[in-house]
Amino acid sequence: EKGGYATYMEKEIFDQPQAVADTLLGRSNAAGDLQLDDLRISEEQLAAVDRVTIVACGTAAYAGMVAKYAIEHWARIPVEVSLAHEFRYCDPIADEKTLVVSISQSGETMDTLMAVKHAHDLGALTLSICNTHGSTIPRESDAVLYTHAGPEIAVASTKAFLGQITACYILGLYLAQLKGGSYADDAKQVIAELQDVPSKIADVLSDVSRVREVARFMADTRSVLFLGRHVGYPIAMEGALKLKELAYIHAEGFAAGELKHGPIALIEPGQPVFVIVPGPDTPHGLHGKVVSNIQEIRARGARTLVIAEEGDTSVDEFADEVFRIPHTSPMLQPLLTVLPLQVFALELSTAKGLDVDQPRNLAKSVTVE
Ligand code: M6R
């Protein structure tokens, strides 16, 4: 069942081109427009939505953070992301024009389920992004958008995360399409570009030997930091979570812009820091700002492990290691930048002789509050 791989997690990492392709499959028509026939919610209801609140836990919440950037940019609807266990107790504001989107691989996470029920009681419209057919959360929601990542067995989420991000993109682009005009035109371009992403994921995964080597040499490392900006920020958080879960190493993800507001004090000679570099064409000069961050931490002795686009030579001078990803439009980059981080955590866990598929103290689905 592990398809020749040593662990489920490794198999699931390498399943990711398929997971994304299957999540996209059958959701656009010949004209390149999204068609979400299985959504169980009318276009009129969705078109009336004036606020989106995303509820999720753990890795699924990081998919939700990516969704915030994407939905706000494409559909110009305000999006809030709330950890499901916080949402319920913070007296949330929601009404019938609020779309509460839950994201859950298992569809059984109690915290997320309770948030959905609470949203329902407030009169909000609830939509579940879920990987498990027939599970509780989609059953309790008004609408459902299934991710088709296939069964995920390893406790640490990988392919379900990519499926979740893909489904969030589909939702954001669909909301943009419903708005019509230039929103719909722009969405159409992204929908077309998304079709090329599975082969780019396969490209990255076809050569991860250097990430594996670097990880193996770091088995004694006690702390790793992750920096990202814009959609790279949730990916930095996800890279850190994977490392905590799988290798029991202290890890923290930061928004790169926060560096000088505190975390830079952590940098001492030899401190490993992963940096996710936005593509050079990212708006607002973010690429240059992140390259400057690499320079700043390198000057203080950090060991810089950089994830950057192919052909982006601006990072070479300040990087101890560069892991390359193919070019995509900035919003889609998370589907690629997370890959080296997943492989890094997998390999480091293996190098430490730990149980990759069943890390200590964790359960695949957390069915208690
Ligand atoms: O099944 P869910 O997506 O609702 O699970 C949410 C989290 O418990 C889950 O993503 C957790 O953080 C994973 N262990 C991450 O690898």
Just by distance, no angles: are the side chains of [X] and [Y] close enough, under 3.5 Å, to form a donor-acceptor pair?
X	Y	result
E108	T136	yes
S329	E193	yes
K242	T158	no
D207	S209	yes
S314	D312	yes

Which heavy-atom pair separates [X] from [Y] by the least distance, and what is that distance?
X	Y	answer
L194	L173	CD1-CD1, 3.8 Å
P330	V231	O-CG2, 3.5 Å
V155	A363	CG1-O, 4.0 Å
M65	Y69	O-CD1, 3.1 Å
A319	T304	CA-OG1, 3.3 Å

Lys/Arg-Asp/Glu bridge criterion (N-O < 4.0 Å) met for [X], [Y]:
X	Y	result
D142	R40	no
E310	K200	no
R300	E296	no
E152	K364	yes
E72	R76	no

Flag if over 12 foreign heavy atoms under 6.0 Å of NE2, H327:
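Atom NE2 in H327 is packed in, count exceeds 12.
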For [X], what residues pass the side-chain contact (heavy atoms from CB on, under 4.5 Å) criterion, not counting sequence neighbours?
X	answer
I93	R51
L83	A61, H85, E86
A70	W74, Y169, M331

Running the 4.5 Å side-chain criterion over Ile, Leu, Val, Met, Phe, Trp and Tyr, what cluster does V273 land in, apart from itself?
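Traced through the cluster, V273 reaches L225, L227, F254, L259, I264, L266, I267, V275, V277, V290, V291, I294, I297, V306, V315, F318, V322.
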Kindly give the cluster partners of Y248, where membership spreads through any ILVMFWY side chain lying under 4.5 Å from a current member.
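ILVMFWY cluster around Y248 also holds L354.
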Side chain to side chain donor-acceptor pair (under 3.5 Å) for Q295 and E317? Distances and angles first, verdict last.
CA-CA 9 Å; Q295 208 173 341; E317 198 184 328; over 6 Å; no
Mind telling me whether F274 and F226 have parallel, tilted or perpendicular rings, with 30° and 60° as the class edges?
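The rings of F226 and F274 lie parallel, inter-plane angle below 30°.
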Ring geometry between H133 and Y146 (parallel below 30°, tilted from 30 to 60°, perpendicular above 60°)
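Plane angle under 30°, so parallel.
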Looking at the rings of F14 and Y5, which for Trp means the six-membered one, are their centres under 6.0 Å apart?
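Centroid distance F14-Y5: below 6.0 Å, so yes.
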Just do the salt bridge (Lys or Arg N to Asp or Glu O under 4.0 Å) check on D320 and R303 with the steps written out, would you?
CA-CA 6 Å; D320 290 295; R303 175 148 186 256; 5.3 Å; no
Among D37, T166, L145, find the residue that satisfies the side-chain contact (heavy atoms from CB on, under 4.5 Å) test when tested with R27.
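When D37, T166, L145 are each tested with R27, the side-chain contact (heavy atoms from CB on, under 4.5 Å) holds only for L145.
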Test applied, side-chain contact (heavy atoms from CB on, under 4.5 Å); reference residue, L339; option that passes from I13, I325, V208, L162
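For L339, the side-chain contact (heavy atoms from CB on, under 4.5 Å) test succeeds with only one of I13, I325, V208, L162, which is L162.
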Just checking, K179 and Y183: is the charged tip under 6.0 Å from the six-membered ring centre and within 45° of the axis?
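Yes, K179 lies over the aromatic ring of Y183.
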Quick one: does Q195's side chain have a donor or acceptor within less than 3.5 Å of a partner on I191's backbone?
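Between the backbone of I191 and the side chain of Q195 there is a qualifying donor-acceptor contact (under 3.5 Å).
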What residue pairs, at least two apart or across chains, pass salt bridge (charged side-chain N to carboxylate O under 4.0 Å, His left out) with a residue in residues 208-235?
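Qualifying pairs: E10-R212, R210-E213, R210-E321, R212-E347, R216-E347.
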Look up atom CD in E238 and atom OG1 in T337, then write down how far apart they are to the nearest 0.5 Å.
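Reported to 0.5 Å precision, the distance equals 10.5 Å.
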Honestly curious: do V144 and L175 fall in one hydrophobic cluster under the side-chain, below-4.5 Å linking rule?
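No: no chain of side-chain contacts under 4.5 Å links V144 to L175.
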